[in-house]
Amino acid sequence: QVQLVESGGGLVQAGGSLRLSCAASGRTFSSYNVGWFRQAPGKEREFVAAVSWSGRNTYYGDSVKGRFAISRDDAKNTVYLQMNSLKPGDTAVYYCAAGTDRLRFGVRSAYDYWGQGTQVTVSS
C-alpha cells in the first residue's frame, strides 16, 4: 500500500515557475514508477511526466517537454515536478500516481495509487 500527498501548487503568473512535491508513505516506494497527471475543468486527465522506479528513465507529455522536469529522492520518499515557463494552459489540478508497470508510463491504467491532487493556476 502506498499513500501519496501532493503539495506545492498555487497561483503563478505566466512565465513563472513552481515545484510540486509528491510525498509517499511505504517502505517499498523505491520500487514504484511515479507519474504526474493533470486535469483541467471539462477535460480528461492528461499525462504530464513520469520517472521510472530506478530513476534512470523519465518521460514527458508533448505539451510540457523542455519546460517541466521530474526527479525523485527515494531517501525522502518524494518525487518532484519542476515546472518552468508556465502558461495559462498549464492550469489544472495536478495528481501524482505510483505503479509497478514496467512497460507503460503515460497511461492512467499503469498506476495503482493516486494522490488527492494540488491546484495549479497560471494567470496571463
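What you see is a predicted model; the values in this text were computed from it and never measured.
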### Query
Can L86 and L18 be said to form a side-chain contact (heavy atoms from CB on, under 4.5 Å), step by step?
CA-CA 8 Å; L86 283 162; L18 282 175; 4.2 Å; yes

Once ring pair (Phe, Tyr, Trp, His ring centres under 6.0 Å) is applied, do any residues pair with [X], and if so which ones, sequence neighbours excluded?
| X | result |
| --- | --- |
| W53 | none |
| F105 | Y59 |
| F37 | F47, Y111, W114 |

Could you check whether any side-chain N or O of [X] sits under 3.5 Å from a backbone N or O of [Y], counting only pairs where one atom can act as donor and the other as acceptor?
| X | Y | value |
| --- | --- | --- |
| S85 | R67 | no |
| Q13 | S123 | no |
| S25 | Q3 | yes |

Go through the structure and list residues passing salt bridge (charged side-chain N to carboxylate O under 4.0 Å, His left out) with [X], not counting sequence neighbours.
| X | answer |
| --- | --- |
| K65 | D62 |
| D112 | none |
| D101 | R104 |
| R38 | E46, D90 |

### Task
Quick one: list whatever passes side-chain hydrogen bond (donor to acceptor under 3.5 Å, both in side chains) with S30, sequence neighbours left out.
none

## Note on the structure
T121 meets the side-chain hydrogen bond (donor to acceptor under 3.5 Å, both in side chains) criterion, sequence neighbours left out, with Q119

### Query
Tell me the salt bridge (Lys or Arg N to Asp or Glu O under 4.0 Å) pairs involving residues 13-26, sequence neighbours left out?
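Listed once each, the pairs would be none.
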
### Query
Hey, does the Lys NZ or Arg CZ of R72 hover above the aromatic six-ring of F29, less than 6.0 Å from the centre and inside 45° of the axis?
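Verdict for F29: a cation-pi partner in R72.
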
### Query
For Y95, is the NZ or CZ atom of R45 found under 6.0 angstrom from the centre of its six-membered ring and inside 45 degrees of the ring axis?
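Checked: cation-pi criterion met.
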
### Query
Which residue pairs pass the disulfide bond (SG atoms under 2.5 Å apart) test when at least one of the two sits in residues 10-50, sequence neighbours left out?
C22-C96

### Task
Return each pair, listed once, that meets disulfide bond (SG atoms under 2.5 Å apart) where at least one residue sits in residues 39-93; pairs must be two or more places apart or across chains.
none

### Message
Contact between L20 and T118 at the side-chain level, heavy atoms closer than 4.5 Å - yes or no?
### Response
yes

### Query
Do the non-hydrogen side-chain atoms of V51 and N57 ever get within less than 4.5 Å of each other?
no

### Query
Do other residues, nucleotides or ligands put more than 12 heavy atoms under 6.0 Å from the CD atom of Q39?
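More than 12 within 6.0 Å, yes.
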
### Query
When you look at CZ of R102, are more than 12 heavy atoms from neighbouring residues, nucleotides or ligands closer to it than 6.0 Å?
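Counting neighbours around CZ of R102, more than 12 heavy atoms of other residues, nucleotides or ligands fall under 6.0 Å, so yes.
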
### Message
What verdict does the side chain to side chain donor-acceptor pair (under 3.5 Å) test give for S17 and N84, after you've listed the backbone C-alpha separation in whole Å, the side-chain angles of each residue and the deciding distance to 0.1 Å?
### Response
CA-CA 4 Å; S17 298; N84 300 323; 2.9 Å; yes

### Task
Taking all heavy atoms of A92 and all of A40, pick out the closest pair and write down the distance.
CB-N, 3.8 Å

